[in-house]
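The residues of the chain are indexed from 1 along the displayed sequence. Keep in mind it's a predicted model, so treat the numbers as computed, not measured. We count ligands from 1, going down the list as the structure has it; atoms in each ligand are counted the same way.
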Amino acid sequence: MIRKGVQWVVKDPEKENVFWPSEELKKYANMSDEKIYETAKKDRVGFWANIAKEVITWFKPFDKVYEENLPSFKWFIGGKLNVCYNAVDRHIETWRRNKAAIIWEPEPVNEPNRILTYNDLYREVNKFANVLKKLGVKKGDRVSIYLPMIPEVQIAMLACARIGAPHSVVFSAFSAQSLKDRIEDAQSKVLITADGYYRRGKVINLKASADEAVTGTTIEKVVVVKRTGNEVNWVNGRDHWYHELMNDVEDYCEPEQMDSEDVLFILYTSGTTGKPKGVVHTTGGYAVQAYLTTKWVFDLHDEDIYWCTADIGWVTGHTYACYGPLLCGGTQVIYEGAPDTPDWSRWWAIIEKYGVNIFYTAPTAIRMFIKMGEEWVKKHDLSTLRVLGSVGEPINLDAWMWYFNVIGGGRCVITDTWWQTETGGTIINSIPGIGPFIPTVACRSFPGVEHDIYDEKGERPAQGDSGYLVQLPPLAPGMLRGIWGNPEKYKETYFGQYNGKVYFSSDGAYFTEDGYIRITGRVDDVMKVAGHRLSTGELESVICSHPAVAEAAVVAQPHEIKGEAPVAFIILKPGFTVSQQLEKEIIDQVVKGIGPTGKPEKLVFAEDLPKTRSGKIMRRILRALVRDEPLGNIMTLQNPESVEGLKSAIGYKGPG
Ligand code: WTA
């Protein structure tokens, strides 16, 4: 049974919980009415066709807009384009030539920043495209990229796009083994990496992991960017310095004429269990969606400074810290390091330093800042901010309100963007200038996209009841076209549920009274408690709405009678201490918010929870802890030491 009735979305009495865009924003966005949604809804394919013609420079126009035989579907058929040309070349043909494309902020505070204009980017990308060609990379060959947040990561991606070689970017904090798995699956020919990078003041020797990963794989050449100057191991003939190769090539490389449906990139999902899946994105549809969503969702204007904090190793980094802003000719900030280096005010210092107008980050980060206290934020002037974005997980009310009031000064809209590696760009969110912005509610499908919520039988559950979020065809142009080398898995994962008729998102959601979409979290992390479905995200949000709670993660523990029961791991805000009273309050809050079935079996209070380097709580480890299962490799965590404390707190006995 899918849970009934949801009362726990607390209304803010003063603002009634709904924030419409300010008049100023409406003016910026120039679309203060519903027409855009109506127009798109009447003819979704036509809507995207018009946009595609307007926002992309095609070498050859497409003959047909959309074709579908699910699970396969195509957009802009017969069209020829190059994403690098669209992201770089066409800007240097305009006044944007000397506009800043990338403002890079290194982690060490004393090191100068680097600013690349579109013209600089053009030069670098052309040369690097020639480097790749010289190394033997041809159209269709895969290139793996294992780089930190330095401009060379965007240069490398764009150079690949320029010559039609799909890139596979692997998060720089992933282990050698993860990189190896991804190289082997993609059968990459070349790896681009760096000697090292800075993280919390330390030099991380990236080349050492790269060396370990490439041995015995298809990698023929390794290109190494000199970032930190630390000593590295060198394999003559295989390894080449980036700067040396760049000295020895022509300045111009003709962009490859790519078919709209040619592969642009492969991106592996972080896959905590089993083999990682290589999500395949193609050229035309992805470019159109990346452009339009960046432009509209973030209301990106030419004079804006935009900053998405996501690492390039994730899809958010691909679309919103590389392709989207560059396709729009925007100016973006990228930051190499940790948010707490030299202290917890670093991000806010960066916003002040560059006058950032648009800021896009994840709820986890926000919750961390809540925990650290407002004083870090108050040190800096954030008055340039206009639009705030949230992504990656459901944002709880507390985090939303704090983001709105403390970061946004009660002045900026928060666009809560729901999407996935698979969707290529955001597809459920409110648009500045239109709204509404309802805390914790992602709201509505992006114009030209349509979602529904189904129960197990493929029917819409009663209003307010949770079901499965599905996307109705015609599918959005930026959707994945497959899983690299595994068509069966693609079919089964995304189209297996409802007879191949819709895209299955693996997320739970419900329609609010006003008909907006509220995401409840992954259904594959779903719990069945006494026959009831409970989503971890939902439980966490309720727990986090308690004033003492900074962060919470809920996992399912096997339960003799109920099948499964939730265990909540909780980090308290400074100034709060564990007490029976507090425990009771939190449990009452859950019972009140979700019902007695959601009642946690156990509350585990911790100083810290195991997190990935990108800041996501590793629920896999919490799950293993509560089940006495093997913990697996914990060394890739941001904070492996956090696991020790938890072991004793929950009496972990280990397997067997
Ligand atoms: C979750 C990240 C609630 C969701 C772009 C999805 C969200 C998964 C939101 C994809 C949001 C992402 N509200 N949940 N605004 N954004 N998610 O592939 O469960 O890393 O299925 O893509 O993150 O994660 P992925």
Has R386 got a side-chain atom pairing as donor or acceptor with D299's backbone, closer than 3.5 angstrom? yes

Heavy-atom nearest neighbour in the protein, as seen from atom 13 (N) of ligand 1, with distance rounded to 0.1 Å: E393 O, 3.4 Å

For K616, state whether at least one heavy atom is located under 4.0 Å from any atom of ligand 1. yes

Is there a heavy atom of G392 sitting under 4.0 angstrom from any atom of ligand 1? yes

Distance-only, no hydrogens or angles: does the T319 side chain make a donor-acceptor pair with backbone N or O of G424 under 3.5 Å? yes

Regarding R613 and the six-membered ring of F171, is the cationic atom NZ or CZ under 6.0 Å from the ring centre and inside 45° of its axis? no

Shortest protein heavy-atom distance from atom 19 (O) of ligand 1, along with the residue and atom involved: D507 OD2, 2.8 Å

Below 30° counts as parallel, above 60° as perpendicular, anything between as tilted: where do the rings of F504 and Y468 land? tilted

Close approach of W419 to ligand 1, heavy atoms, under 4.0 angstrom: yes

Please could you name the atoms of ligand 1 that D416 approaches to less than 4.0 Å, counting only its heavy atoms? 11 (C), 13 (N), 15 (N)

Once the angle between the rings of F265 and H318 is folded into 0 to 90°, is it parallel (under 30°), tilted (30 to 60°) or perpendicular (over 60°)? tilted

Donor-acceptor check, side chain of Y335 to backbone of A338, threshold 3.5 angstrom: yes or no? yes

If you have a sec, work out which protein heavy atom is nearest atom 25 (P) of ligand 1 and how many Å separate them, to one decimal? T421 OG1, 3.5 Å

Please work out whether the ring planes of Y503 and F495 are parallel, tilted or perpendicular, with thresholds of 30° and 60°. perpendicular

Under 4.0 Å from any heavy atom of V391, which atoms of ligand 1 are there? 5 (C)

Counting only nitrogen or oxygen atoms and a 3.5 angstrom limit, does T417 reach ligand 1? yes

Would you call the rings of Y320 and Y360 parallel, tilted or perpendicular, taking 30° and 60° as the class edges? perpendicular

If the cut-off is 4.0 Å to any non-hydrogen atom of I519, which atoms of ligand 1 fall inside it? 3 (C), 14 (N)

Which ligand 1 atoms, with their elements, are less than 4.0 angstrom from a heavy-atom of T316? 5 (C)

Tell me, which protein residue and heavy-atom name are nearest atom 3 (C) of ligand 1, and how many Å apart are they? P394 N, 3.1 Å

